[in-house]
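Being a predicted model, the structure only gives us computed values, none of them experimental. Index from 1, following the sequence.
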Amino acid sequence: VTTLEAALVRWSAVLAGMGVRAGEGVRAFAERHYRLEALRVQLADLEKKIVREKQLDRKYELSKEKRQLEKEVELWKR
C-alpha cells in the first residue's frame with residue numbers, strides 16, 4: 001500500500017466484501033459501494049415479489065430479472 005487513501009480503500013473493500021480495483025480512489029470506491037448496495041436492495045425486493053407471485057409465467061420472468069441483477073451485482077463487487 002503506497003498511500004493512506006489506498007489503504008483506506010483496501011480496508012473498506014475488505015469490510016464490504018468487495019474487490020479492490022487498481023487506482024481506485026475513495027470517491028470512486030464510495031460511488032461503487034453505494035451502487036452495489038442499491039442493487040442489493042433491488043435484488044431483495046425482487047426476491048420478495050417472486051415469493052408472492054402466483055402466476056408461473058410472471059414468476060419465470062421475475063426469475064430471469066433476478067439472474068440478470070445477480071450478474072450485475074457480481075460485476076460491481078469486483
Q. Would you say Lys66 and Lys49 make side-chain contact, with heavy atoms under 4.5 Å?
A. no

Q) Under 4.5 Å between any side-chain heavy atoms of Leu43 and Leu39, yes or no? A)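 The answer is no, as the side chains (C-beta and beyond) never meet within the 4.5 Å cut-off.
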
If I compare all heavy atoms of [X] with all of [Y], which pair ends up nearest, and what's the gap?
X	Y	result
Ala13	Val20	CB-CG2, 3.7 Å
Ala16	His33	CB-CD2, 3.7 Å
Met18	Phe29	CE-CE1, 3.8 Å

Rounded to the nearest 0.5 Å, what separates atom [atom1] in [X] from atom [atom2] in [Y]?
X	Y	atom1	atom2	answer
Glu5	Arg27	CD	CZ	10.0 Å
Tyr60	Glu53	OH	CD	15.0 Å
Leu62	Lys48	CG	NZ	14.5 Å

State plainly whether the residues [X] and [Y] are in salt-bridge range, i.e. N to O under 4.0 Å.
X	Y	result
Glu74	Lys71	no
Arg35	Glu72	yes
Arg67	Glu70	no

Q) Same cluster or not: are Trp11 and Val14 linked, directly or through other Ile, Leu, Val, Met, Phe, Trp or Tyr residues, by side-chain heavy atoms under 4.5 angstrom apart? A) no

Q: Please check if the side chain of Arg32 supplies one atom and the backbone of Arg78 the other of a donor-acceptor pair under 3.5 Å.
A: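 A pair under 3.5 Å: yes.
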
